[in-house]
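See structure below.
Each chain gets a letter, A, B and so on, in the order its sequence line appears, and its residues count up from 1. The figures that follow rest on heavy atoms only: side chains count, while hydrogens, waters and symmetry mates do not.
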Amino acid sequence: MNSIGEILSGSLTGKQAEIRGWVYRIRSSGSLCFIVVRDSSGIVQAVGSKETLGEARLKELANLTIESSIALNGTVKEDKRSSGGYEIQISDFKIFQRNENYPITKDKGEEFLLDIRHLWLRSREMTSIMKIRSTVFKAFSDFFYNEGYYQTQGPMMVATATEGGSTLFKLDFFGEEISLAQSSQFYLEVMMFSLEKVFTIAPSFRAEKSRTRRHLTEYWHAEAEAAWYGNEDMMRDEERMIEYIIRQVLEKNREDLIFLKRDLSKLENIRAPFPRMRYSELMKKAGDWGLGLKYGDDLGADEERAITVHFDKPVFVTHYPDTLKPTFYHREDPETPGELLCHDLLAPEGYGEIIGGGERIWNLADLEENLKKYNLNPEDYYWYVDLRKYGSVPHSGFGLGLDRVIWWICGLETIRDAIPFPRTIRRTRP
RNA sequence: GCCGCCGUAGCUUAGUAGGUAGAGCACUCGGCUGUUAACCGAGCGGUCGUCGGUUCAAAUCCGACCAGCGGCGCCA
């Protein structure tokens, strides 16, 4: 058995080959039948003739329909008339299943494709995206392994909220009300005390009723936490990680990016270091950039887009005022009180926020004060508070939306196409 | 949570002075010796999202509901 990729590489030219796959296109004309076959490695045209197969067998072949599953035997030839440059002269074939009526035709709407996502995933477009997704997941892990991080896992069923309570998915846990994880951050902070540098790739669940092309209800969250790291140290690992992921995709998925009509030059440009802008600095430039913003205003989606057009690579926005990040674990910058040692990373071309991170409060008194400030019950966070009681150390971390990275790298319209089975506010199937 | 948009055959859609729904693709049958999401001919396929109202008559006008898509907010 051979792969279509082998045929397209030229290594089987003139030889016998057997391929197994699915009918991508089929055309027939009396005594000839052209079948374009796909497998996971590519597509190739095969031709059957009455001369070699006989009338009955040719008719059987010509009678096949889109996405029927088959095995083909034949001689590989170079042929300019075939779109991929190669062609199989069919000498024998086996039909595994002939489809009566495949639902997807050349006319298809967005909603319909989401309803039959389980079949649409077979398309060349989705196949290319899923190959890139595979590379992105591996590259993220490889980068952190190479930097001396350990991979670990937190629970997905939790009793402690990381973000605000309003975005929690409630769950009945044998009578106790708990929820699905919004982040693995607190558990990474625990593991950090033994492993020092840790990362995880896990789903996060947010019950935000977001109706935008950049939100998923269930998304893949790549998070890391590192002991002895300040805000700037963390950003240095992050920018090199982003560069590494993009290099890997450019190297391994060039054909896929081209098929997706991605402008490769936009990705070739992405090299660390990335520019850093303090929030206060950004507010000074806001006037020049036509943003009607003053200190204390949050950056909305429109503002993010307006900022990223001034850069050809991702940009860090740091030192947000504490009023804009109402979470209890961010550490204040002692040099600029009221501003946090935190950062967001905004992807270019209008894709916007892909990372949120920063330095965590590691002093017990500061943490207890903040829990009070945000009306949180310290007992609910007893284990998180304990981390500040016993051998606490300075540390930083971040969370990256892997689906958002894939959305950006592939240059997609909507983040839904960056994940095989998107969960949005109104979609739970397939 | 706020705002906007859409729903006609399996799919993509046409269809208002309100008068019993038309096409392309898919599928089935036939034709074609080099096709590139081929072409030619025939056939199959619709309670016009649901419920109610106005009317002699509703895909079309009105109301409610259901389903989905998008923008903001929030975030990754």
Provide, to the nearest angstrom, the distance between the CD atom belonging to Glu223(A) and the C1' atom belonging to C75(B). 13 Å

Between the base of G24(B) and the side chain of Asp107(A), is there any donor-acceptor pair under 3.5 Å? yes

Quick note, Gln89(A) side chain, CB onward, closest among G34(B), C75(B), U28(B) is G34(B)

Residue matched to A67(B) through Watson-Crick or wobble contacts both under 3.5 angstrom: none

Would you say the side-chain atoms of Trp120(A) and Glu125(A) include a donor-acceptor pair closer than 3.5 Å? no

Establish, with yes or no, whether the OP1 or OP2 oxygen of C72(B) is under 4.0 angstrom from a side-chain nitrogen or oxygen of Arg214(A). yes

Does Glu110(A) contact G70(B) through a side-chain donor or acceptor facing the base, at a distance under 3.5 Å? no

Donor on one side chain, acceptor on other, Asp107(A) and Thr105(A), under 3.5 Å: no

Of Phe34(A) and Glu111(A), the one whose closest RNA chain B nucleotide lies more 5': Phe34(A)

Side-chain heavy-atom pair Ser280(A), Glu339(A) within 4.5 angstrom cut-off: yes

Check: Leu293(A) and Leu299(A) side chains under 4.5 Å, non-hydrogen atoms: yes

If we take the P atom in both G7(B) and C48(B), what is their distance in whole Å? 15 Å

Quote, to the nearest angstrom, the P distance that separates C6(B) from G63(B). 14 Å

Contact class for Leu32(A) (heavy atom, under 4.0 Å): base, sugar-phosphate, or nothing? base

Could you tell me the Watson-Crick or G-U partner of C25(B), where both distances fall under 3.5 Å? Say none if there is no partner. G10(B)

Which is true for Ala301(A) with a 4.0 Å heavy-atom rule: it touches a base, it touches only sugar-phosphate, or it touches nothing? sugar-phosphate

Leu114(A) side-chain proximity, nearest of C69(B), C72(B), C75(B): C69(B)

If the P atom of C39(B) is compared with that of G34(B), how far apart are they to the nearest Å? 16 Å

At 4.0 Å (heavy atoms only), tell me whether Arg213(A) reaches a base, stays on the sugar-phosphate, or touches nothing. sugar-phosphate

If you assign each of Gly30(A) and Ile425(A) to its closest nucleotide in RNA chain B, which residue comes earlier from the 5' end? Gly30(A)

Show the atom names and distances, to 0.1 Å, of all donor-acceptor pairs under 3.5 Å that link a side chain in residues 84-93 of chain A to residues at least two apart or in another chain.
{"from": "Glu87(A)", "atom 1": "OE2", "to": "Gln45(A)", "atom 2": "NE2", "distance (Å)": "2.9"}
{"from": "Ser91(A)", "atom 1": "OG", "to": "Asn73(A)", "atom 2": "O", "distance (Å)": "3.2"}
{"from": "Asp92(A)", "atom 1": "OD1", "to": "Arg57(A)", "atom 2": "NH2", "distance (Å)": "3.0"}

When we call it a touch if two heavy atoms are under 4.0 Å apart, what does Ser204(A) touch: a base, just sugar-phosphate, or nothing? nothing

Can you see if the side chain of Arg206(A) gets near the phosphate of C74(B) - specifically, an N or O under 4.0 Å from OP1 or OP2? no

Identify whether any heavy atom of Arg38(A) sits under 4.0 Å from a base atom; if not, whether one sits that close to sugar-phosphate; answer base, sugar-phosphate or nothing. nothing

Phe34(A) side chain near Ile26(A) side chain, heavy-atom distance below 4.5 Å: no

If C39(B) has a Watson-Crick or G-U wobble mate with both distances under 3.5 Å, name it; if not, just say none. G31(B)

Distance only, no hydrogens: is a donor on one side chain within 3.5 Å (strictly under) of an acceptor on the other, for Asp298(A) and Tyr320(A)? no

Gap between atoms CZ and C1', on Phe398(A) and C75(B) respectively (whole Å): 17 Å

Atom P, compared across C72(B) and A9(B): separation rounded to whole Å: 32 Å

Report the distance from atom NZ of Lys108(A) to atom P of C25(B), rounded to the nearest whole Å. 16 Å

Given atom CD of Glu100(A) and atom P of G10(B), what is their separation to the nearest angstrom? 16 Å

For A76(B), does either OP1 or OP2 sit under 4.0 Å from a side-chain N or O belonging to Arg404(A)? no

Write down the distance separating the C1' atoms in C2(B) and A23(B), rounded off to the nearest Å. 41 Å

If I take atom CG in residue Leu58(A) and atom C1' in nucleotide U35(B), what distance separates them, rounded to the nearest angstrom? 13 Å

Provide the distance between the two P atoms, one in A14(B) and one in U8(B), to the nearest whole Å. 10 Å

Would you say a side-chain N or O of Arg416(A) is under 4.0 Å from OP1 or OP2 of G68(B)? no

Distance between P atoms of G46(B) and A21(B) (Å, rounded): 13 Å

Do Gln45(A) and U35(B) have a side chain to base donor-acceptor pair shorter than 3.5 Å? yes

What is the nucleic acid contact for Tyr219(A), judged by heavy atoms within less than 4.0 Å: base, sugar-phosphate only, or nothing? base

Taken to the nearest whole Å, CD/Glu208(A) to C1'/C74(B) is 5 Å

So, Asn99(A) and Thr65(A): side-chain donor and acceptor under 3.5 Å apart, yes or no? no

Spacing of Arg81(A) atom CZ relative to G34(B) atom C1', expressed in whole Å: 5 Å

In whole Å, what is the span from the CZ atom of Phe112(A) to the P atom of A67(B)? 20 Å

Selected nucleotide, minimal atom distance to Ser29(A) side chain, candidates U35(B), A38(B), G71(B): A38(B)

Categorize Arg305(A) for me: base, sugar-phosphate, or nothing, with a 4.0 angstrom heavy-atom threshold over every strand shown. sugar-phosphate

On a whole-Å scale, what distance lies between the P atoms belonging to A57(B) and G53(B)? 12 Å

One should read off an interatomic distance between Glu18(A) CD and Leu72(A) CG, to the nearest 0.5 angstrom, of 9.0 Å

Taking any heavy-atom pair under 4.0 Å as a contact, classify Gly300(A): base, sugar-phosphate, or nothing. sugar-phosphate

Proximity to the side chain of Asp298(A) - top-ranked nucleotide from C69(B), C25(B), C75(B): C75(B)

Could you check whether Glu218(A) gets within reach of a base, just the sugar-phosphate, or nothing at all, counting any heavy atom under 4.0 Å? nothing

Euclidean distance, Leu371(A) CG relative to Asp366(A) CG, rounded to 0.5 Å: 11.0 Å

Suppose we call a contact any N or O donor and acceptor under 3.5 Å apart; does that hold for the side chain of Arg211(A) and the base of G71(B)? no

Searching all strands shown, indicate the nucleotide that pairs with G19(B) (Watson-Crick or G-U wobble; both distances under 3.5 Å). C56(B)

May I ask whether Tyr102(A) stacks on the base of A26(B), given the cut-offs of 5.5 Å between ring centres and 30° between planes? no

Touch class at under 4.0 angstrom, heavy-atom based, for Ser49(A) against every strand present: nothing

At under 4.0 Å between heavy atoms, what does Lys59(A) touch on the DNA or RNA strands: base, sugar-phosphate, or nothing? sugar-phosphate

Is any N or O donor-acceptor pair between the side chain of Ser210(A) and the base of C74(B) shorter than 3.5 Å? yes

Quick one: is Lys209(A) getting a side-chain N or O under 4.0 Å of the G1(B) phosphate, OP1 or OP2? yes

Just checking Asp115(A): base, sugar-phosphate only, or nothing, at a heavy-atom cut-off of under 4.0 Å? nothing

Donor-acceptor pair under 3.5 Å: do we get one between Ser82(A)'s side chain and the base of G34(B)? no

Using a 4.0 Å heavy-atom cut-off, does Ile355(A) contact any base of the nucleic acid, only the sugar-phosphate backbone, or nothing at all? sugar-phosphate

